[in-house]
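Since the structure comes first, as structure tokens, the remarks are kept for the end.
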Protein chains: 2
Amino acid sequence: MSLKHALLGFLNYGPHTGYELKKVFDISVSHFWSAELSQIYPSLKALETEGLVEMKVEVQADRPNRKVYSITDDGRRELIDWLGTPAGPDQIREPLLVKLFFAASGGRAHVLTVLRRRADDLRLRLEGYRHGLALVDRYSGAAKLDREAPFWRLTIEYGISHTEANLRFIEESMGLLDMMDETAFVSSPAEHAGMPTRERVEILDMLKKAVMAAHESGSPLIPARLHTN
Amino acid sequence: MSLKHALLGFLNYGPHTGYELKKVFDISVSHFWSAELSQIYPSLKALETEGLVEMKVEVQADRPNRKVYSITDDGRRELIDWLGTPAGPDQIREPLLVKLFFAASGGRAHVLTVLRRRADDLRLRLEGYRHGLALVDRYSGAAKLDREAPFWRLTIEYGISHTEANLRFIEESMGLLDMMDETAFVSSPAEHAGMPTRERVEILDMLKKAVMAAHESGSPLIPARLHTN
DNA sequence: TCCAACATGTAACCGGTTACATGATTCA
DNA sequence: TGAATCATGTAACCGGTTACATGTTGGA
């Protein structure tokens with residue numbers, strides 16, 4: 001669980017309503033953490049009963065009333081505490097890549113189409129990010145957030161570097177596919193169905209262990225199952 | 001939902017048990033999709049009742065019996081069908097980055113320590129991947145998986161490019177932090193608490209819209225809410 | 001002797017998403 | 001007129017994780 005802590009993090013910058021927090025989420029940490037209003041509201045309520053935040057109703061005549069939340073001393077302590085614990089592992093789910101992996105059954109032309117579409121999408125996203133960077137630079141002074149601005153920039157730059165990596169990867173894949181001969185894309189795989197799957201899996205298992213061994217040879221950076229997130 | 005389809009994808013390469021599928025998952029698509037045994041077993045059962053896979057018990061004397069699953073014609077149809085639908089959006093959660101974003105409250109030294117640890121971890125991971133690549137090249141012939149090998153390589157290369165991007169980003173961040181003056185890390189933020197949060201959020205909102213406008217200006221690549229995953 | 005690998009599962013929990021509900025105001 | 005913004009929520013659902021349960025064999 002981490003949304004609560006992220007909320008505390010934002011409230012530590014100043015009081016906000018749930019509605020506002022959603023916006024702040026969307027333009028800052030959204031590249032690596034997202035949240036829906038339907039999750040934010042109950043979380044704020046929970047934080048309140050835990051005494052980590054306080055709420056004041058702000059009556060408005062023209063618009064719906066607002067519930068402005070601010071962090072308490074207990075909340076600030078909890079935040080600092082959380083910042084001190086090691087972070088949990090990344091969780092990544094990319095359906096497109098999964099499909100790509102199985103797309104051999106779909107024919108080369110089809111795979112290439114999917115990849116090309118993705119590349120276009122990524123290029124567009126990049127444009128958006130670059131635009132965002134320029135805007136942050138231009139307006140950070142006006143919004144009196146020159147202190148947070150560098151961090152804000154960082155998150156966008158994170159988005160950029162990842163999108164670029166993705167794009168490069170996709171372009172490389174297209175190159176590879178171009179070089180492969182069409183036979184790799186026969187729509188009916190399982191031609192080696194006759195040979196025992198056991199053996200193949202065993203070799204794969206060996207591979208896995210070898211890779212993991214290399215990975216774990218270092219010091220235990222994040223003590224397993226100790227991450228409170 | 002996608003695990004079921006991923007399982008179908010693997011079973012399309014040949015019959016497997018749940019236990020084996022877990023391994024295959026771990027060394028192939030694990031960079032962008034993971035699964036636990038406790039999720040795989042029920043999913044296979046569900047697929048069976050849906051008639052998309054068949055199961056045969058393989059009695060073993062020395063070891064526990066195995067339940068070998070194979071894909072049916074219906075299953076193959078379902079797989080092809082799924083491959084044809086547009087993929088859902090990526091889901092990414094990186095707790096470390098969230099912490100980093102709020103770590104300004106923790107002091108520069110602390111932030112740098114966290115970053116350095118992460119960088120070390122990433123470098124180790126890279127080593128592991130590179131090792132894995134070499135192994136795939138060396139053993140793919142022996143395992144009679146020369147047809148799948150290029151796809152296997154691709155997934156590892158995906159891991160590499162992303163890890164490298166991450167590493168670059170972290171190194172840049174450290175550079176930036178070095179250049180920032182210590183005042184940005186005062187442990188008590190909310191110094192601008194006096195100024196109305198409203199206005200700041202409004203400007204941020206403007207930023208967001210501008211970025212999104214740039215992002216959405218293109219063609220509607222993935223028709224919203226039509227992705228069955 | 002003790003741990004890892006083999007092999008299959010169940011039950012409880014939980015974070016998060018989707019859909020639904022409400023209602024005023026403002027702008028195109 | 002109708003969509004978007006402001007503003008807050010509830011309820012159902014669901015995919016996925018953690019913990020627990022069981023029992024054998026082979027190697028360090």
Side-chain angles (χ1 to χ4, degrees), chain A residues 1-7 16-23 25-26 30 33-46 48 55-69 88-89 91-93 95 98 198 201-202 205-206 208-209 212-213 216 224-229, chain B residues 1-7 16-23 25-26 30 33-46 48 55 57-69 88-89 91-93 95 98 198 201-202 205-206 208-209 212-213 224-229:
Chain A
M1 177 297 266
S2 185
L3 173 72
K4 279 187 189 172
H5 292 106
L7 292 174
H16 292 273
T17 70
Y19 195 80
E20 282 173 350
L21 284 165
K22 163 72 172 159
K23 285 186 183 176
F25 247 93
D26 284 351
S30 68
W33 204 281
S34 60
E36 296 299 323
L37 276 172
S38 59
Q39 199 195 349
I40 291 174
Y41 286 126
S43 298
L44 285 172
K45 208 173 258 182
E48 200 194 358
M55 188 267 284
K56 269 180 198 160
V57 178
E58 213 174 81
V59 184
Q60 296 188 137
D62 48 341
R63 298 183 203 176
N65 293 346
R66 303 151 37 88
K67 296 190 174 177
V68 183
Y69 290 86
Q91 300 164 237
I92 294 170
R93 311 230 150 208
V98 177
R198 291 290 289 265
V201 172
E202 258 164 51
D205 197 37
M206 219 192 57
K208 179 187 163 189
K209 269 174 217 151
M212 302 233 298
E216 274 162 28
R225 74 190 59 252
L226 216 151
H227 47 78
T228 330
N229 237 11
Chain B
M1 175 297 268
S2 185
L3 173 71
K4 280 188 189 171
H5 291 107
L7 292 174
H16 292 274
T17 70
Y19 196 78
E20 283 173 351
L21 284 165
K22 163 71 172 159
K23 285 186 182 178
F25 247 94
D26 284 351
S30 68
W33 203 281
S34 59
E36 297 298 324
L37 276 172
S38 58
Q39 200 196 349
I40 291 174
Y41 286 126
S43 298
L44 284 172
K45 209 174 257 180
E48 200 194 357
M55 186 267 285
V57 178
E58 212 175 81
V59 184
Q60 294 188 139
D62 48 339
R63 297 182 203 177
N65 293 346
R66 302 150 39 88
K67 295 190 174 177
V68 183
Y69 290 86
Q91 299 166 237
I92 295 171
R93 311 231 150 208
V98 177
R198 290 291 290 263
V201 172
E202 258 164 51
D205 198 37
M206 221 191 55
K208 179 188 164 190
K209 268 174 218 152
M212 302 232 298
R225 76 189 58 251
L226 214 150
H227 48 77
T228 331
N229 237 13

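Chain letters run A, B, ... following the sequence lines, proteins first, then strands; residues in each count from 1. Worth knowing before you read on, the calculation uses all heavy atoms, side chains too, and leaves out hydrogens, waters and symmetry mates.
- Taking side-chain N and O atoms only, A:Lys67 has a distance below 4.0 Å to OP1 or OP2 of D:dG9.
- The minimum heavy-atom distance linking B:Pro95 with A:Gly88 is given by the pair CG-O, 3.6 Å.
- If you measure from atom NZ of B:Lys22 to atom P of D:dG16, you get 13 Å, rounded to the nearest angstrom.
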Please tabulate, one pair per line, each protein N/O and nucleotide N/O from nucleotides 25-28 of chain C that are separated by under 3.5 Å, including the distance.
none

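- The separation between A:Ile92 atom CD1 and D:dG16 atom C1' is 16 Å, rounded to whole Å.
- Rounded to whole Å, atom P of C:dC20 lies 15 Å from atom CD of A:Glu36.
- Position along DNA chain C of the nearest nucleotide to B:Lys23 versus B:Arg93 favours B:Lys23 as the more 5'-ward residue.
- The distance from atom NZ of A:Lys4 to atom C1' of C:dC14 is 11 Å, rounded to the nearest whole Å.
- Checked against side-chain contact (heavy atoms from CB on, under 4.5 Å), A:Arg66 has the following partners two or more places apart in sequence or in another chain: A:Thr17, A:Glu20, A:Glu58, A:Gln60, A:Val68, B:Arg198.
- Annotation: proximity of residues 38-46 of chain B to DNA chain D (heavy atom, distance under 4.0 Å) is found for B:Ser38, B:Gln39, numbered in ascending order.
- Taking atom CG of residue A:Leu37 and atom C1' of nucleotide C:dC20, one finds them 14 Å apart after rounding to whole Å.
- Direction change of the helix axis from one end of the helix from C:dT1-D:dA28 to C:dA28-D:dT1 to the other is 40°, with five pairs defining each end axis (rounded to 10°).
- Between the P atom of D:dG23 and the CG atom of B:Asn65 lies a distance of 15 Å, rounded to the nearest Å.
- Minimum interatomic distance between B:Ala6 and B:Phe25 (heavy atoms only, all atoms of both residues): CB-CZ, 3.6 Å.
- For the ring-ring contact (aromatic ring centres under 6.0 Å, His included) test, no residue two or more places apart in sequence or in another chain qualifies with B:Tyr19.
- Spacing between atom CD of A:Gln91 and atom C1' of C:dC14 amounts to 12 Å, rounded to whole angstrom units.
- Contact annotation: A:Gln60 does not reach the phosphate of D:dC6 (side-chain N/O to OP1 or OP2, under 4.0 Å).
- Checked against side-chain hydrogen bond (donor to acceptor under 3.5 Å, both in side chains), A:Lys67 has no partners two or more places apart in sequence or in another chain.
- Every residue two or more places apart in sequence or in another chain that forms a side-chain hydrogen bond (donor to acceptor under 3.5 Å, both in side chains) with B:Lys22 is listed here: B:Asp26.
- Taking atom NE2 of residue A:His16 and atom P of nucleotide D:dT8, one finds them 13 Å apart after rounding to whole Å.
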Tell me which donor-acceptor pairs under 3.5 Å the side chains of residues 36-45 of chain A have, and how far apart each pair is, sequence neighbours excluded?
residue : atom : partner : partner atom : Å
A:Ser43 : OG   : A:Gln39 : O            : 2.7

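- Looking at the side chain of A:Arg66, the nearest of the listed nucleotides C:dA7, C:dT18, D:dT8 is D:dT8.
- Which of C:dC6, C:dG9, D:dT8 sits closest to the side chain of B:Tyr69 comes down to C:dG9.
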